[in-house]
Amino acid sequence: MPIVNVIYHTRNHHTETVADAIAAEAGCQAIDIRVPHTLPETDLLFIGTGIYAGKPDDSLLDYLDQLPVNKISGAALFSTSASGSDKTELIVNMLKHKGIEVYPEHFTCRGKFLFLAAGHPDENDCRSAAAFARRVINAFNG
């Protein structure tokens, strides 16, 4: 069984909600990157972000830039955005440049912004996030 960890950045707790669902499925605690911590040894890292003005928050990008290249084997990405669009290309490119394999499927769900996507992420989004986590972990084990 791989060592799995979940990290995330959120401004409005939407990505935290999804991170908690993924972490529960993975049997770990989600780590808010704004809280001081040391990332434990990790085989598979789930990385979550809100999408703001079409891109991940700069603080998450800075955090990922500091990840040691030999500490993580693989990563899987999840995000929330008002549009529900996957805008994680910057993260994929950063991780691949570090030699970290990125799972090809990403999980994206809507997150409320002003009047858009009110009520999201909801229970269905969290169930879908947990199913995504199962798929990724099974593929990583496989």
Check your understanding: Roughly how far apart are Ile47 CD1 and Ile22 CD1, rounded to 0.5 Å?
Key -> 11.0 Å
Review point. In terms of side-chain heavy atoms, does Arg127 have a donor or acceptor partner in Asn124 at a distance below 3.5 Å?
Key: yes
Exercise for review: Say whether, by atom type as modelled, one donor and one acceptor occur between the side chain of Thr42 and the main chain of Pro40 under 3.5 angstrom.
Suggested key: yes
Check your understanding: Any donor and acceptor pair, going by atom type alone, linking the side chain of Asp125 with main-chain N or O of Asp122 inside 3.5 Å?
Key -> yes
Practice item. List the atom of Thr15, the atom of Gly48, and the distance in Å for their closest heavy-atom pair. Key: CG2-C, 3.6 Å
Revision key, fill the gap. Residues 61-74 vs side-chain hydrogen bond (donor to acceptor under 3.5 Å, both in side chains), sequence neighbours excluded, gives His37-Tyr63
Revision key, fill the gap. Nearest heavy-atom approach of Ile33 to Ser59 is CD1-O, 3.8 Å
Check your understanding: What is the distance from atom CG of Asn5 to atom CD1 of Ile72, rounded to the nearest 0.5 Å?
Key -> 8.5 Å
Practice item. Apply side-chain contact (heavy atoms from CB on, under 4.5 Å) to the pair Ile31 and Val6, showing each step before the final yes or no. Key: CA-CA 6 Å; Ile31 301 168; Val6 178; over 6 Å; no
**Study point:** Separation of Arg135 CZ from Ile137 CD1 (nearest 0.5 Å)
**Key:** 11.5 Å
Practice item. Answer yes if Phe78 and Val4 sit in the same cluster of Ile, Leu, Val, Met, Phe, Trp and Tyr residues linked by side chain heavy atoms under 4.5 Å apart, and no otherwise. Key: yes
**Study point:** Side chains of Asp32 and Glu16 in contact at under 4.5 Å (non-hydrogen atoms)
**Key:** no
**Study point:** Backbone N/O of Gly50 and side chain of Tyr8: donor-acceptor pair under 3.5 Å
**Key:** no
Exercise for review: Using a 4.5 Å cut-off on heavy atoms from C-beta on, say whether the side chain of Leu77 contacts that of Phe107.
Suggested key: no
Check your understanding: Is it true that Val92 and Tyr52 fall in one hydrophobic cluster, defined by side-chain heavy atoms closer than 4.5 Å?
Key -> no
Exercise for review: Kindly compute the distance separating CD (Glu25) from CZ (Phe132), expressed to the nearest 0.5 Å.
Suggested key: 12.0 Å
Review point. Would you say Leu61 and Leu90 make side-chain contact, with heavy atoms under 4.5 Å?
Key: yes
Point to revise | Backbone of Lys87 reached by a side-chain donor or acceptor of Lys55 within 3.5 Å | key: no
Exercise for review: Provide the closest heavy-atom pair for Pro56 versus Ile51 in the form atom of the first, atom of the second, distance.
Suggested key: N-CD1, 4.0 Å
Review point. Do Met94 and Leu60 sit in the same hydrophobic cluster, where Ile, Leu, Val, Met, Phe, Trp and Tyr count as joined when their side-chain heavy atoms come under 4.5 Å apart?
Key: yes
Review point. Any sub-3.5 Å donor-acceptor pair from Asn12's side-chain atoms to His14's backbone N or O?
Key: no
Review point. Do the side chain of Arg34 and the main chain of Thr10 share a donor and acceptor less than 3.5 angstrom apart?
Key: yes
Check your understanding: At their closest point, which heavy atom of Asp20 faces which heavy atom of Ala30, and how far apart are they?
Key -> OD1-CB, 3.6 Å
Practice item. Quick one: closest heavy-atom pair of Ala76 and Leu44, and the distance? Key: N-CD1, 4.4 Å
Review point. Any luck finding a side-chain donor-acceptor pair between Thr49 and His9 under 3.5 Å?
Key: no
Revision key, fill the gap. Sequence neighbours excluded, the answer for ring pair (Phe, Tyr, Trp, His ring centres under 6.0 Å) partners of Tyr103 is none
Check your understanding: Does a donor on one side chain sit under 3.5 Å from an acceptor on the other, for Thr88 and Ser79?
Key -> no
Review point. Would you find a donor on one side and an acceptor on the other, under 3.5 Å apart, between the side chain of Asp43 and the backbone of Pro2?
Key: no
Check your understanding: Under 6.0 Å from the CD atom of Glu105, do we count more than 12 heavy atoms belonging to anything else shown?
Key -> yes
Revision key, fill the gap. CD1 (Ile100) and CG (Leu67) are apart, to the nearest 0.5 Å, by 5.5 Å
Review point. Which distance, rounded to the nearest 0.5 Å, do you find between the CG of Leu45 and the CD1 of Ile7?
Key: 4.5 Å
Check your understanding: When you look at CD of Glu89, are more than 12 heavy atoms from neighbouring residues, nucleotides or ligands closer to it than 6.0 Å?
Key -> yes
